[in-house]
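First listed ligand is number 1; within each ligand, the first listed atom is number 1. Computed from a predicted structure; not experimentally measured.
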Amino acid sequence: MKNALKRLKRVLDLEASQGYKNKAVVGGIRQFATFWVGQAREAAQTEMDKALVEQVAEVLTDYGRLPGTEARAKVIEQLQSKLAQRREQEPAPIKSSAPPAKEPAKPVETAASTPPPTPENRKPKPNVRREPLPPRNKKPGKWERRPANRKPVDPDPEGLAQSVTAVHGIGPKLAEHLAKIGASTIEELLYIFPRRFDDYTLMKPIHKLVYGETVTVIGTIWETRARRSRNNQIIVQSIISDGTGKVQATWFNQKWLVDKLKAGMQIVVSGKVDQYLGRPVFNSPEWEPLELEPLRTRRIVPIYPLTQGLSGNRMRDIMRKTVNYWARRVPDPLPPSVRQRQKLETLPEALQQHHFPDSQHALHQARRRLIFDELFLLQLGMQGFRHEWQSQPGVEIEKDTAVLTQFQQSLPYTLTNAQQRVIQEIADDMANSTPMNRLLQGDVGAGKTVVAAAALLLAAKAGYQSTLMAPTEILAEQHFKGLRPLLEPLGLRLCLLTGSTPTAEKAPIYAALASGEIDLAIGTHALIQEAVSFHNLALAIVDEQHRFGVDQRQALRDKGPASGEYSPHLLTMSATPIPRSLALSLYGDLDLSILDEMPPGRQEIKTRWIRTRERERAYAFIRKQIEDGRQAYIIYPLVEESDKVDAKAAVAEHERLQGKIFPDLQVGLIHGRLSGSEKESVMRDFYEGKLNILVSTSVIEVGVDVPNSTVMLIDGANRFGLAQLHQFRGRVGRGQYQSYCLLVADSDTPDAEERLSALTQTNDGFALAEKDLEIRGPGEFFGRRQSGLPELKLASLLDMDMLKIAQTEAQTIAEADPNLEQPEHALLRQRVAKFWQNAGDVS
Ligand code: ADP
Ligand code: MG
């Protein structure tokens with residue numbers, strides 16, 4: 001190490017004496033750094049020396065980029081003084097074979113670089129997370145919940161959970177910008193991936209340039225001039241020569257370039273070759289001085305997502321620093337066996353290459369690894385949940401065909417084939433001692449309630465209790481009202497329990513649930529409060545899965561018989577149609593039931609796409625419907641006017657509609673900024689007919705069933721996705737009256753046009769889901785809010801091959817170690833928890 005340090009000192013001194021021209025070593029200081037770091041890394045023995053090497057590496061790599069003598073001098077001085085410090089602290093040579101003396105504990109600090117996470121300086125850092133990430137709700141998530149008889153693992157030995165400000169060059173201001181694109185910690189920053197890459201690896205001599213080609217040219221600047229164009233733009237033009245020919249490069253409105261691009265300078269230019277008067281030219285190409293490390297020319301250049309106040313070059317610079325230092329410190333959660341089997345590279349490699357790829361092949365490999373990770377974590381989470389739910393036996397509930405027949409005969413209509421099939425699937429599951437964990441999908445109006453009723457009836461007839469949970473009080477009440485006439489005549493005892501159940505009524509309900517007097521409890525989260533205990537809960541039905549997080553499902557499970565020795569059978573109902581192919585590959589064949597057939601005689605909702613100037617006519621139509629005693633919804637995309645989107649805002653529009661268009665009617669308003677209880681109260685007024693018209697943003701989506709409402713007017717319909725539009729439409733046509741959906745678009749992009757005309761053509765939710773997937777791609781289709789699944793950054797759920805591989809590998813692991821309790825899975829367990837942290841927890 002001593003020799004390496006000596007060499008470094010000589011170079012630093014020489015550079016200082018030459019006036020910081022970056023000429024102390026042929027090829028520049030950066031060149032020296034590459035060479036020196038290689039040797040020094042090997043020589044460094046102590047943690048402190050290792051840290052020193054990395055600091056020096058970082059500083060010297062940047063040296064050539066520093067803007068002037070002053071900045072360079074400062075950096076060199078800092079390094080020199082650090083070396084001096086190091087010499088003072090050098091322990092006296094030890095002759096015996098005893099281990100070297102421990103380094104002094106005082107960490108080396110510089111203003112110029114990130115203190116690397118040596119054991120000495122890591123511990124006291126206040127913002128390093130010691131615990132697994134805090135769960136969002138006070139209760140721990142399922143992955144944290146298991147009793148820990150394992151050794152506690154340091155969740156962040158490298159300090160990756162530090163704030164991004166720990167990276168040299170990121171201050172509080174920039175940290176704010178980065179937070180906007182989703183990066184508060186270093187680790188999160190590493191996962192801000194480029195939107196795309198520009199490939200400038202093709203190098204050509206100037207006389208070989210071809211129009212339209214994206215290439216890199218290296219040459220010398222002959223001259224640079226600035227002039228003003230006719231429309232008053234400043235145009236900077238350089239003539240670049242490489243001995244084979246000359247090419248002109250032009251930049252617009254960057255006057256300062258005149259001083260930068262001096263004649264004689266060696267420059268690298270990357271971009272698309274244009275032509276002007278028959279000659280090849282570059283317009284606004286990327287450029288860099290030749291002596292710098294290639295960052296935006298002659299390589300595959302990452303193009304990052306930007307926010308205001310953060311330029312592409314700045315972002316690239318930050319990412320290079322972050323990736324160079326931190327990527328190789330990211331621990332790889334993937335068991336080596338999986339990595340080898342699937343021929344995946346390590347996580348540090350993949351992160352490095354997915355930011356600054358060495359080649360297209362390297363980029364492809366990196367992408368493959370990162371996509372695998374996402375799908376693998378997704379599958380591990382889903383399978384882990386299933387395994388955990390099924391790790392304890394369920395209660396076998398007899399599939400009593402006599403009961404089912406009696407039930408069918410009691411109905412005023414015949415069940416559809418789909419309903420009959422699904423009831424059989426559910427009854428088969430419940431007859432099994434492995435607890436059911438089934439997802440029931442069916443479009444709005446497909447008749448899920450009656451299917452649920454059949455299952456609830458079977459449980460009650462076998463002597464067990466069941467529960468049905470809904471995300472809002474109104475929905476719970478609706479279920480209560482819908483199920484009571486189906487089940488009470490058959491002898492079931494029902495109760496409704498929500499947050500607003502009067503306290504006086506709660507005590508008797510609690511008592512009746514505990515004693516088993518009540519067969520079926522319908523309600524909201526109030527059902528999984530501490531105070532509630534069941535006598536023998538054997539079936540739980542959860543409505544609208546994406547409103548329930550993992551924690552709530554866990555709490556539900558804890559209400560099972562003998563508090564957790566059994567798991568109740570679980571049926572989740574969702575009205576968000578997922579294309580069948582997708583659903584099957586995600587959930588597997590066994591656990592999914594699809595109601596893909598509508599009850600007969602359903603009135604079709606008439607859907608019209610009208611012009612903006614027909615709005616007044618639409619209002620007149622609504623007025624007519626209201627005069628006939630009906631109600632209407634009017635939907636707007638946003639809550640308040642925004643500069644960016646000139647959409648009609650619900651608040652302003654509500655004022656206008658109430659004041660000018662419908663002054664004599666009751667117009668209500670609901671939007672996302674209202675509290676839960678405010679929303680409920682507006683919904684209730686509409687539900688009870690106190691409001692004629694309800695103006696709303698998309699919060700109405702999973703809403704109430706108001707059979708009296710017959711018009712759904714969606715203003716700015718082009719701004720919503722197809723699946724969402726279909727959900728809106730499903731709010732009407734729920735009673736005996738002919739219903740209408742009117743779409744007004746404020747612009748007509750081809751995409752919007754395709755969506756809106758698809759909507760006017762069919763009422764089939766599954767067909768529309770397929771179409772939506774086709775138009776928008778799975779990333780958007782599976783917006784988190786829609787699906788209850790974690791967000792995927794790179795992976796596509798349509799990548800069936802990768803999904804299969806991830807599924808198989810997850811299965812292997814989940815079978816051997818379902819709760820990821822083995823020490824070699826500790827990291828994986830953390831990652832799964834983090835990946836799933838916010839999924840499905842939408843309010
Ligand atoms: P969703 O799947 O949206 O929950 P519901 O269960 O609320 O649908 O059913 C919508 C309406 O269709 C209800 O009024 C219900 O009585 C009716 N219904 C359900 N099944 C049938 C059927 N097989 N034939 C006729 N009407 C049905
Ligand atoms: Mg329903």
From CA spacing to verdict: side-chain contact (heavy atoms from CB on, under 4.5 Å), M712, I635 | CA-CA 8 Å; M712 167 61 65; I635 307 279; 3.4 Å; yes
Could you go step by step and tell me if Y633 and F728 meet the ring pair (Phe, Tyr, Trp, His ring centres under 6.0 Å) rule?
-> CA-CA 9 Å; Y633 298 94; F728 292 146; 9.4 Å; no
Any nitrogen or oxygen of G442, main chain or side chain, under 3.5 Å from a nitrogen or oxygen of ligand 1?
->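 No - when backbone and side-chain N and O of G442 are compared with those of ligand 1, no distance drops under 3.5 Å.
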Report yes if G445 has an N/O atom closer than 3.5 Å to an N/O atom of ligand 1; otherwise report no.
->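 Right, the criterion is met.
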For ligand 1, note which part of [X] has a heavy atom under 4.0 Å away: side chain, backbone, both or neither.
X    : answer
T449 : both
T414 : backbone
D705 : neither

Under the side-chain hydrogen bond (donor to acceptor under 3.5 Å, both in side chains) test, which residues partner H726, sequence neighbours left out?
->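 Counting only residues at least two positions away or on another chain, H726 forms a side-chain hydrogen bond (donor to acceptor under 3.5 Å, both in side chains) with D443, R729.
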Determine whether the side chains of E653 and Y636 contain a donor N or O and an acceptor N or O closer than 3.5 Å.
-> yes
Proximal atoms of ligand 1 relative to D443 (non-hydrogen, under 4.0 Å) | 2 (O)
Closest to atom 2 (O) of ligand 1 among K448, H479, Q441 (heavy-atom distance) | K448
Quick one: side chains of residues 403-412, donor-acceptor pairs under 3.5 Å with protein atoms, not counting sequence neighbours, listed by atom name and distance.
residue	atom	partner	partner atom	Å
T405	OG1	T401	O	2.7
S410	OG	F407	O	2.6

